[in-house]
Number of protein chains: 2
Amino acid sequence: MGATVIDVAKIAGVSRTTVSNVFNGRAKCSEETREAVLSAAKQLGYTPNMAAKSLVTNQSHLIGLLLPSYVDNNTLTGSPFYNIILDGMYSVLREDEYYDLMIFCIPPQRVLQDVSAWMDMRNVDGIIAVGEYERSFLDELDGRGIPVVLVDNYALNGWGHFSYLNSDDTRGGYLATKHLIARGFRSIALCTSTLDSPISHKRYEGYRQALQEAGYQEIVLEKIHTPFEGGLALGEEAIQQQVDAAFCTEDMIAVGVMNALLRKGVRIGQDFGLVGFDNLNISAQVYPGLTTIDQNIFAKGAIAAKTLLDILKNDALQGSRFILPVVLVERESA
Amino acid sequence: MGATVIDVAKIAGVSRTTVSNVFNGRAKCSEETREAVLSAAKQLGYTPNMAAKSLVTNQSHLIGLLLPSYVDNNTLTGSPFYNIILDGMYSVLREDEYYDLMIFCIPPQRVLQDVSAWMDMRNVDGIIAVGEYERSFLDELDGRGIPVVLVDNYALNGWGHFSYLNSDDTRGGYLATKHLIARGFRSIALCTSTLDSPISHKRYEGYRQALQEAGYQEIVLEKIHTPFEGGLALGEEAIQQQVDAAFCTEDMIAVGVMNALLRKGVRIGQDFGLVGFDNLNISAQVYPGLTTIDQNIFAKGAIAAKTLLDILKNDALQGSRFILPVVLVERESA
DNA sequence: CTGAAAGCGCTTACAG
DNA sequence: CTGAAAGCGCTTACAG
């Protein structure tokens, strides 16, 4: 609130250097000195000022979290995915009170340049970036020289400061489609926003592979929109095309499809098989429950944070690529 | 990235004071000097370092956001409420690139003392606190001398640095219950986690008032749990008690109740009337759609942020109390 | 309209 | 094991 290292030094009867040393465990010092400093600090309610500390050490202990934009600008609201991944990150950061997260939601109008200036201004020690970004922006990120953890980004290697974290998207698509086939469905559509997104494309590849193995035909239904609303439209489409099952590349799309079908009186699980991807809370909350691919988003957030912290503390190397396993969670929809 | 005020001064051929003046619009200066400084800054890619700035001005341009704990520690995942309110806050902060948010999720084990030290360390300029807190912690918050905006907190007045933001919870409870009565339901339960929470209690008061006016009996069903799981149990309870309608104090509870009832073959909307509170996205995504009380959470977040910024800029006074209107959104569940 | 000097609260070689 | 001194990048009276 006000006490500085000088106040503590005065009361403890030592120099500021010693106070600093005690707090940072730098130089050895006698046990008495240590205790004198600590008790003086406690008495004064002393807390080191990060701004001052940051200025001299050039470490802000701040992590920048980059989140992609959404159609309607409300990144967080758009999908529960972000909640969960944030909770995962905080679960790790909490144990390391030292590091704080600063979120940069990047809406379409906000030029990436602004974001860059922002990171300069706050002097972030590291970055976690979720989703896909322009190549030139990635170049710039890498150019900062600080560690970056990329989550759900399928950019190829070649940068020195990036580490990658993905789910096994292809396998997820494969497992989902295999399950629908095993359940006896024969006309299985893929419902997605757009296959232009690398992540959707990976999931599509798994879908295609499973269909090929079974000798079935692929039916790709795309609809660019916010996930739920897109799903609503895709549900109508699925009925028109007379497919009897769908693998959706996101749970929220599946929830939209389900809603559209229930409205038409289709019995989900019997007449129509539906599998999502993510295992968001909502997939267990709708009725009938949604069968889906669990990608453990919470762990993803935790691992992203852990990876970055380890690199910052020189406990890990940059450049790793980590792929999280996925698993099918069977509920009532297929 | 590296350029300092000195580098800029050198290139522009002026003193650091002048550079600082130009950037902060402090003293008047000739147009030529201004341009020289600006172009030098641009050339060098200069961005003022917040840590240094903060150290001398004693303003961090950091806002601390306090979020309450959840049963399972995963604050954000627990309810989509937080997404939306965050989006609302960011919508305001984005226009004011200068301010950043730092989130403090407060799980049960994290002593409030730690949080306090944290705010000291980061030297936050202001605080937004969502939910209820211990009286002693509120005392301490007020004692910091920085502005605090309390959201969904029903603590009484008496502190000098607090401003309050609430929804019209009582009216919401009243509207919801009135609606169920008008729909012809006669045995209307209130489903909630606990009436010990002031916010639930306010909603309960509206419920009670409406019932009294109609001469109906109140039936309070409580279940302390995460909202959805609690709702599941409350749904069972509602069937046993043979009530024919329920007003739930949160949408997520209502979603749980709905799930439990659908599972028993109850036709929601016809056999059973259900009204929630919040108007989360999920209330429009489940089938049948959930009738609910809209409290415009996005606006709540935006207003909270705006209120704090205005106070920080001396454009507004502390101590205001703002109550947001609520409105009933009719869907299919009642 | 512009600049020299002091200082914000801390850490970091360096000397003792 | 401990301390005096310089310095991190900025702003702020104050003088001119």
TODO: Please work out which of the three classes, parallel, tilted or perpendicular, describes the rings of A:His61 and A:Tyr99, given edges at 30° and 60°.
DONE: tilted

Task: Lys/Arg-Asp/Glu bridge criterion (N-O < 4.0 Å) met for A:Asp139, A:Arg135 - done: no

- [ ] Taking only the side-chain nitrogens and oxygens of A:Ser15, find out if one of them lies under 4.0 Å from OP1 or OP2 of D:dG3.
- [x] yes

TODO: May I ask you to evaluate whether B:Asn49 reaches the phosphate of D:dC8, defined as a side-chain N or O under 4.0 Å from OP1 or OP2?
DONE: no

Task: side-chain N/O A:Ser20 vs C:dT11 OP1/OP2, d < 4.0 Å - done: yes

- [ ] Map B:Ala52 and A:Lys53 onto DNA chain C by nearest heavy atom, then report which one ends up closer to the 5' terminus.
- [x] B:Ala52

- [ ] Please name all residues satisfying side-chain hydrogen bond (donor to acceptor under 3.5 Å, both in side chains) with B:Thr17, sequence neighbours left out, ordered by chain then number.
- [x] none

Open item on the list: Can you see if the side chain of A:Thr18 gets near the phosphate of D:dG3 - specifically, an N or O under 4.0 Å from OP1 or OP2?
Closed with: yes

Open item on the list: Using a 4.0 Å heavy-atom cut-off, does A:Thr33 contact any base of the nucleic acid, only the sugar-phosphate backbone, or nothing at all?
Closed with: sugar-phosphate

Open item on the list: Run the side-chain hydrogen bond (donor to acceptor under 3.5 Å, both in side chains) test against A:Asp125 and tell me which residues pass, sequence neighbours left out.
Closed with: A:Ser60

Open item on the list: Please verify the inter-ring angle class for B:Phe137 with B:Tyr133; under 30° counts as parallel, over 60° as perpendicular, anything in between as tilted.
Closed with: tilted

Open item on the list: Starting the side chain at C-beta, find the nucleotide from D:dT12, C:dA13, D:dC8 nearest to A:Val56.
Closed with: D:dC8

TODO: Tell me what A:Tyr46 touches on the nucleic acid: a base, only sugar-phosphate, or nothing, going by heavy atoms under 4.0 Å.
DONE: sugar-phosphate

Open item on the list: Counting only side-chain nitrogens and oxygens, does A:Asn21 get under 4.0 Å of the OP1 or OP2 atom of D:dT2?
Closed with: no

- [ ] Tell me, with the steps shown, if B:Leu65 and B:Leu86 meet side-chain contact (heavy atoms from CB on, under 4.5 Å).
- [x] CA-CA 10 Å; B:Leu65 173 63; B:Leu86 270 173; 3.6 Å; yes

Task: Range-with-range stems for DNA chain D, at least three Watson-Crick or G-U pairs under 3.5 Å - done: C:1-3 with D:14-16, C:5-12 with D:5-12, C:14-16 with D:1-3

Task: Shortest side-chain distance from B:Thr17, nucleotide among C:dT12, C:dG7, C:dG3 - done: C:dG3

